[in-house]
Protein chains: 2
Amino acid sequence: MKPTLQDVADAVGVSRSTVSNAYSRPDQLSAALRARILDAAGRLGYPGPNPTARSLRRGVVGAVGVLFTSRLSYAFTDPFAVRFLAGVGEAVERHGSNLLLVPLPAERARVRAAIDNAAVDGFCVYCAGDEDWALNAIRARGLPYVTTAPRADAGPTDRYVGIDERAAARSIADHVAALGHRRVALLGESVLPQAAAGPLRLAGPADAPHPTTRGRLTGFAEAFAAVGVEWSAVTVLNATDNSRAAGAAALSAALAGDRPPTAVLACSDVLALGALDALARAGERLAHPVSVTGFDDIAEAASAGLTTVRQPAEEKGRLAAALLLEPPADPADGHVLLPTDLVVRTSTGPAPRS
Amino acid sequence: MKPTLQDVADAVGVSRSTVSNAYSRPDQLSAALRARILDAAGRLGYPGPNPTARSLRRGVVGAVGVLFTSRLSYAFTDPFAVRFLAGVGEAVERHGSNLLLVPLPAERARVRAAIDNAAVDGFCVYCAGDEDWALNAIRARGLPYVTTAPRADAGPTDRYVGIDERAAARSIADHVAALGHRRVALLGESVLPQAAAGPLRLAGPADAPHPTTRGRLTGFAEAFAAVGVEWSAVTVLNATDNSRAAGAAALSAALAGDRPPTAVLACSDVLALGALDALARAGERLAHPVSVTGFDDIAEAASAGLTTVRQPAEEKGRLAAALLLEPPADPADGHVLLPTDLVVRTSTGPAPRS
DNA sequence: TTGAAAGCGATACCAC
DNA sequence: GTGGTATCGCTTTCAA
C-alpha cells in the first residue's frame, strides 16, 4: 500500500496534525521537527498530501473547468478556441491552478453527469449558445461560472467577457456595403439547428437561435438595410459545422445559381476560408471576383489576405479565467465587452458594375 | 449550506447507502424508491454526489493529466502540441474521463508540488527531454504515466508512444543529400541548454542533451556522413525556443557569413518556417536558393510548400491516452513506435553547382 | 509547539 | 431490497 500521512506520523512518533502542518503550515512547528518529518516521508516514499483528500477537506479543488459545447477534440481544431484556451491557461497558471477540459456530451442526458463529475471550482463556458442545459447544471451545483457572451437570462451577478457582436458585424458589413456590394450572402454555422448545408430561409436575423450568430447576422443586416438592401434580398447560407470544408460546401450551392452573390460575409474566419476555397474551385466560371469577409482574425486570415474583424482571443480567455478566479468586488465589473477591430485585407474589393 | 447526500436521505427517510445506490447503482433498489429519492434530491437542490468525495472514496479520479515542460500557454501555441492534445482529448473523451492540463513550473522546486497537487489517475508526459524531475515526482506518487519517447532509464513496464527519431531524420537528410547538398546547417531548439541564438559548437550529435534533438541530429549526421560530409563540416544552429521568430533569428546569423549553407535541416516545422522567413528577408542578397526542411508536418507546412517528415500527431496523443487508460496486458505492447513519412514539397531543390 | 478529536461527503461490504 | 458501519486521507479548531 502507498504510505499515508498517518504512516509518516507513526514513523516519526508524532501526530497526524503535525505531519500535516509540516506540509501545509511550516510555521507551525520547529524547523528541526519539520526536517525530521520530511526526511521520514522521503524514506517511506510518502508522496505528500493526497490532493483529493485535501480538496475534500478544504472544500477547494484548485482547478478551473473549461466547458466546450462541441467535442473536446474540436476545442483544439478551431484556432480561435485554441487561442482562447491559451489565454485561460495563462491566467490559470499564474494563479497556480490547473485547467480541466470538460467535453460536453452531445446527448443532453449526459450533460448533467459530465458537469456533476468534474472536480473544479468553477467553469469558463466557451460555448455556442445552446448551452442552457450546461449552465443549469452548473448553477445546480452552485459553482461560479463565466460565459463568453452576455446572456439573455443573465442576473446582475453573472459574469461574462464578450464582444459587441452586433456592432462588430456591422462595422465589417458597412465596409462591404461601402464597396458597393448589394447582392450579398451571409454565411453562418448552424444558423438553424438541423438545417442542411447551403441556402436557408430565415424570416429575420432575430430568428437565429444561437446568440452569437444572431448578433452577427443582425449587425450584417443593419448595414445593408442602411443602404437599401432589405433582409429578404439577402441570401443566408448555412454551414453544418464550423470547418473550412463546411464553409466551402455551404457556398458552393449558392455559386451554382444564375445570380451569385458579389460578396460573402462569414460568421467566422474558418468558414470564410472555406468560402475562398469554394471560390477558387469555381474559378473561371465566375464572371467577377467575389468579396469575402471573416470574423475573429485567426492566424491563417492574415496569410489568406482575409478581411475580417479582429477580437482579442487570448485576452478573452485570460479575462474569463481572471473573472472566475478573482471575482470583482463590484459585480458591474463582471461584465466585460472587449474591443474589436476591422482589419481590411485583400479579400474584399469594389463590387462589379451590374 | 449546499445539501448533501445525507440531507436527501433524511428527507426521504432512508439511509445514505440507499441514496448513494440511487445514483451509482440503480439496480440495487426499486425503481419507485429511486424515483422518490431523485425527486427529493431535485426539490432540495442536491447536485448529485460530490466528485471529490467520490474520488476519495473510490480511489479513482476520472481525469488524466497532460504534463508540459513548457508554459501552459505554449501548449496551445505549438501546432504539433495542439494536435497531440486533440488526440489525447479524443481518447479521454471516449473513455468518459476528463483532461487536466498541468503546466510544469520552471523552477525545479515547484515541479514536485505541481505534480503532487494534480488530481489525476495518471499522466501523459509531453515533454522536451529534461523531464526527469517530473518523472521522478510522478513515480514517487506511484502514478502510471506514458511518455512521448522511449527513455534511456525506461524499465520494461514503462509505456511510451514515439517515433524512430533517428531513422525519420535520416530519411529527410538522405533526400537533401541526394539533391547534392554538402554545405548544410542543422537547426534545433535549445541544442545546448543555455546556448545563444545562432551557430554553435557541438562535438557530435550525441552531445545534445535533449533526446529528441539528439535523435534527429544523429539521423541528419548519418546521412551526410554517408556522402562524405563529416560532422565537423556541418553547421549547427541553435534556436532559443521553438518559435518561428527564433528559427529566423538562428539562421540570420549564419546567412551573413561568406559561405552560407545551401540547405537547412530544421528539427521542427516551426523552426523551418522561421528559416524560410529569414531567407525571404535575406532575399536577393543570396546567390542561390537555399533548401529548407522541417519536421512534424504541421498544417502550415503544406501551404508553405515545406519538405518535411510527417508524424501522426493526433494518433500519438490518442495512443498515449489509450495506453494510460487501458494498459496493455502484455507490457511489450506498451512500447509503440509510430511510422513517419517523408513529404517532399517545394522547399527543397538541387544544390547549386559550386 | 504539539496532539486529540471531529469531521469533509461519499461508498461498499455485509448483515438483515 | 435496504440500512449499519467502517473507512478513504487529510485539515483544523481547540485544549494541553
Side-chain angles (χ1 to χ4, degrees), chain A residues 1-38 40-41 44-62 113 116-121 140-143, chain B residues 1-38 40-41 44-62 113 116-121 140-143:
Chain A
M1 246 345 259
K2 250 183 288 189
T4 72
L5 188 147
Q6 176 77 70
D7 297 325
V8 179
D10 292 347
V12 183
V14 296
S15 78
R16 302 207 297 266
S17 336
T18 306
V19 178
S20 175
N21 283 336
Y23 282 95
S24 312
R25 309 163 62 171
D27 52 315
Q28 297 296 299
L29 35 52
S30 65
L33 179 53
R34 175 152 190 267
R36 262 176 60 214
I37 292 177
L38 261 29
L44 265 55
Y46 175 64
N50 173 315
T52 307
R54 163 178 278 176
S55 293
L56 176 58
R57 185 61 238 237
R58 296 228 253 232
V60 169
V61 178
D116 286 343
N117 289 325
V120 298
D121 298 316
R141 260 190 78 177
L143 289 179
Chain B
M1 249 342 261
K2 250 184 286 186
T4 71
L5 186 147
Q6 175 78 69
D7 298 323
V8 179
D10 292 348
V12 183
V14 296
S15 79
R16 301 207 296 268
S17 329
T18 306
V19 178
S20 175
N21 283 335
Y23 282 94
S24 313
R25 310 164 62 173
D27 52 316
Q28 297 296 301
L29 37 49
S30 65
L33 178 54
R34 174 153 193 268
R36 265 176 58 214
I37 292 176
L38 261 30
L44 264 54
Y46 173 65
N50 174 315
T52 306
R54 165 179 277 177
S55 293
L56 176 58
R57 185 58 241 239
R58 296 227 254 229
V60 167
V61 178
D116 286 344
N117 289 326
V120 299
D121 298 316
R141 260 190 80 178
L143 290 179

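No experiment lies behind these values; they were computed from the predicted model shown. Hydrogens, waters and symmetry mates play no part in the numbers below; they use all other heavy atoms, side chains included. Here is how names work: the chains are called A, B, and so on, in the same order as the sequence lines, proteins then strands, and each is numbered from 1.
Side-chain contact between B/Leu38 and B/Tyr23 is present, with at least one heavy-atom pair separated by less than 4.5 Å.
Of the possible donor and acceptor atoms, one in the side chain of A/Asp121 sits under 3.5 Å from a partner among the backbone N and O of A/Val61. Within the 3.5 Å criterion, the main-chain N or O of A/Pro26 finds no donor-acceptor partner in the side chain of A/Arg34.
Residues passing the salt bridge (charged side-chain N to carboxylate O under 4.0 Å, His left out) test with B/Asp116, sequence neighbours excluded: B/Arg112. Scanning for side-chain hydrogen bond (donor to acceptor under 3.5 Å, both in side chains) contacts around A/Asn117 gives B/Arg54, with sequence neighbours left out. Residues meeting the side chain to side chain contact (heavy atoms under 4.5 Å, CB included) test with B/Leu143, sequence neighbours left out: B/Val120, B/Phe123, B/Ile138, B/Arg141. Annotation: side chain to side chain contact (heavy atoms under 4.5 Å, CB included) contacts of B/Ala11 (sequence neighbours excluded): B/Leu44.
Atoms OG1 and OH, on A/Thr4 and A/Tyr46 in that order, are 7.0 Å from each other to the nearest 0.5 Å. Put simply, CG on B/Asn50 and NZ on B/Lys2 are 7.5 Å apart, with the number rounded to the nearest 0.5 Å.
When the P atom of D/dG4 is taken as reference, atom CG of B/Asp10 falls 11 Å away, rounded to whole Å. Atoms CG (B/Asn50) and P (C/dC8) sit 12 Å apart, rounded to a whole Å. Rounded to whole Å, atom P of C/dC8 lies 9 Å from atom CG of A/Leu56.
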Subject >> Annotated protein contacts, base or backbone, on nucleotides 11-16 of chain D with a non-hydrogen cut-off under 4.0 Å, one of B, S, - each >> reply: BB----
Compile the donor-acceptor pairs under 3.5 Å between side chains in residues 13-20 of chain A and protein atoms, sequence neighbours left out, one pair per line.
unit_1, atom_1, unit_2, atom_2, d
A/Ser15, OG, A/Ser17, N, 3.4
A/Ser15, OG, A/Ser17, OG, 3.3
A/Ser15, OG, A/Thr18, OG1, 3.4
A/Arg16, NH1, A/Gln6, OE1, 3.0

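Residues from residues 28-37 of chain B placing a heavy atom under 4.0 Å of any atom in DNA chain C do not occur.
The rotation axes computed at either terminus of the helix from C/dT1-D/dA16 to C/dC16-D/dG1 lie 30° apart, taking five pairs at each end and rounding to 10 degrees.
With D/dG9, C/dA10, D/dG4 as the choices, the nucleotide that has an atom nearest any side-chain atom of B/Thr4 turns out to be C/dA10.
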